[in-house]
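Note that ligands are numbered from 1 as they come in the structure, with each ligand's atoms numbered from 1 the same way. Excluded from the calculations below are hydrogen atoms, water molecules and symmetry mates; all remaining heavy atoms, backbone and side chain alike, are included. What you see is a predicted model, and the numbers here were worked out from it, not measured in a lab.
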Amino acid sequence: MTMTRGNLFILSAPSGAGKSSLIKALLDKQANIKVSVSHTTRSPRPGENNGEHYHFVSVDEFKALIDKGDFFEWAQVFENYYGTSKQAIEDQLNKGIDVFLDIDWQGARQVRALMPEVKTVFILPPSQSELEQRLNNRGQDSQEVIAARMAEAKSESSHYDEFDYVIVNDNFDTALCELEHIVVAARLQTKAQQARHKALIADLLAD
Ligand code: GDP
Ligand code: ADP
Ligand code: 5GP
């Protein structure tokens with residue numbers, strides 16, 4: 001079997017639509033997928049660990065990384081900086097591992113320009129009231145932060161049609177199953193299968 005380069009996926013959504021929960025559940029079900037750990041200047045939420053959920057850095061440290069050219073993409077979201085380092089994805093893709101980016105629409109635009117083969121997925125919540133409910137239920141952000149995120153939800157959602165796939169995260173298991181299908185379909189693309197099953201194809205086509 002020949003090694004094939006991993007697929008790159010982007011998951012975007014308004015805050016609270018379920019990106020992190022869906023990615024976590026997907027990683028528990030499917031082998032050979034990693035989520036890229038972004039750098040951010042926002043403060044850690046209760047239960048978030050440095051290096052696991054994000055690399056938490058100061059604004060000065062973030063700017064130094066921009067100047068060094070370490071970021072594959074970066075953007076300012078909710079007054080904080082967020083960015084994906086080149087290192088967070090290249091090593092994994094080269095090892096044949098699929099990589100998920102949980103990034104906003106501005107980052108998605110940058111990645112699309114750099115890697116047009118990226119598969120992009122937008123998650124919509126089932127309603128505005130359910131989105132607000134989920135942000136409240138998560139219980140990790142202040143009322144002020146939740147209000148700011150709800151206010152941003154509309155402009156974030158308005159970019160849904162720049163994405164290849166749209167999933168409505170109403171029933172969690174249904175949404176997870178739909179996301180899994182996108183990953184599996186990407187793995188079955190002819191170019192990847194050609195590399196993976198080179199010997200079989202040669203054998204089947206031999207005289
Ligand atoms: P969440 O929306 O509840 O997941 O809250 P976060 O604070 O984790 O993320 C805030 C926003 O920043 C979301 O829109 C993320 O998609 C976006 N984001 C996180 N990491 C990155 C990154 O590395 N690059 C970019 N461009 N956006 C990011
Ligand atoms: P995001 O990463 O997009 O900000 P999260 O994954 O943190 O969103 O989800 C926000 C909250 O909503 C979490 O408390 C999560 O457990 C909950 N949640 C996610 N998906 C669903 C769903 N389909 N039904 C009910 N609650 C959900
Ligand atoms: P949170 O602060 O709730 O973890 O994330 C807020 C938003 O920032 C989410 O929409 C998330 O997708 C986005 N985000 C997180 N990491 C990155 C990143 O590395 N790049 C970009 N562009 N957006 C990110």
Side-chain angles (χ1 to χ4, degrees), residues 8-30 33-56 73-84 88-89 98-109 111 118-183:
L8 185 65
F9 298 91
I10 293 178
L11 206 55
S12 288
S15 192
K19 294 178 301 283
S20 319
S21 313
L22 285 167
I23 292 184
K24 186 172 179 298
L26 181 72
L27 263 53
D28 288 343
K29 285 186 84 175
Q30 288 274 343
I33 302 190
K34 292 253 163 79
V35 61
S36 147
V37 180
S38 295
H39 285 69
T40 184
T41 59
R42 90 156 154 75
S43 312
R45 293 183 183 131
E48 281 185 337
N49 303 318
N50 192 27
E52 184 189 342
H53 299 92
Y54 280 104
H55 299 288
F56 294 98
E73 65 75 34
W74 65 271
Q76 205 174 349
V77 193
F78 311 126
E79 299 176 342
N80 296 305
Y81 289 102
Y82 292 90
T84 309
I89 58 168
D98 292 341
V99 177
F100 257 89
L101 306 182
D102 166 352
I103 65 176
D104 84 316
W105 64 271
Q106 307 171 80
R109 275 195 183 170
V111 175
V118 64
K119 317 275 181 306
T120 61
V121 185
F122 200 88
I123 308 292
L124 290 173
S127 66
Q128 283 204 36
S129 58
E130 175 67 19
L131 182 64
E132 190 159 13
Q133 184 88 45
R134 286 183 192 171
L135 284 171
N136 277 305
N137 286 351
R138 187 165 68 184
Q140 292 188 330
D141 298 303
S142 67
Q143 281 309 313
E144 203 186 356
V145 167
I146 290 177
R149 285 170 180 244
M150 280 305 293
E152 277 295 318
K154 201 174 223 171
S155 67
E156 181 82 28
S157 298
S158 73
H159 295 279
Y160 81 93
D161 61 354
E162 296 170 23
F163 289 73
D164 300 320
Y165 302 95
V166 174
I167 293 176
V168 177
N169 180 19
D170 188 357
N171 177 284
F172 187 82
D173 291 337
T174 305
L176 176 59
C177 182
E178 290 171 350
L179 186 61
E180 234 183 321
H181 280 78
I182 292 170
V183 171

Is there any N or O on [X] that sits under 3.5 Å from an N or O of ligand 2?
X      : value
Asp102 : no
Glu130 : no
Asn171 : no

State whether the number of non-hydrogen atoms from other residues, nucleotides or ligands found under 6.0 Å of [X] atom [atom1] is greater than 12.
X      : atom1 : value
Tyr160 : OH    : no
Glu52  : CD    : yes
Gln76  : CD    : yes

Assess [X] for proximity to ligand 2: is some non-hydrogen atom of it under 4.0 Å away?
X      : value
Gly16  : yes
Ala13  : no
Asn137 : no

For this session: Pull out every atom of ligand 2 sitting under 4.0 Å from any heavy atom of Asp170, numbered as shown with elements.
Result: 22 (C), 23 (N), 24 (N)
Exercise. Which ligand 2 atoms, with their elements, are less than 4.0 angstrom from a heavy-atom of Arg134?
Worked result: 11 (C), 12 (O), 18 (N), 20 (N), 21 (C), 22 (C), 23 (N), 24 (N), 25 (C), 26 (N), 27 (C)
Exercise. According to the interplanar angle, ranging from 0 to 90°, do the rings of His55 and His39 count as parallel (below 30°), tilted (30 to 60°) or perpendicular (above 60°)?
Worked result: tilted
For this session: Would you check if the side chain of Ser36 reaches a backbone N or O of Ala88 as a donor-acceptor pair within less than 3.5 Å?
Result: no
Problem set entry | Under 3.5 Å donor-acceptor, Thr41 side chain and Asn80 backbone | no
Exercise. Considering the options Val35, Leu8, Ile23, Val118, which one meets the side chain to side chain contact (heavy atoms under 4.5 Å, CB included) requirement together with Leu101?
Worked result: Leu8
For this session: Counting heavy atoms only, name the option from Pro125, Gly18, Ser21 that's nearest to atom 15 (C) of ligand 2.
Result: Ser21
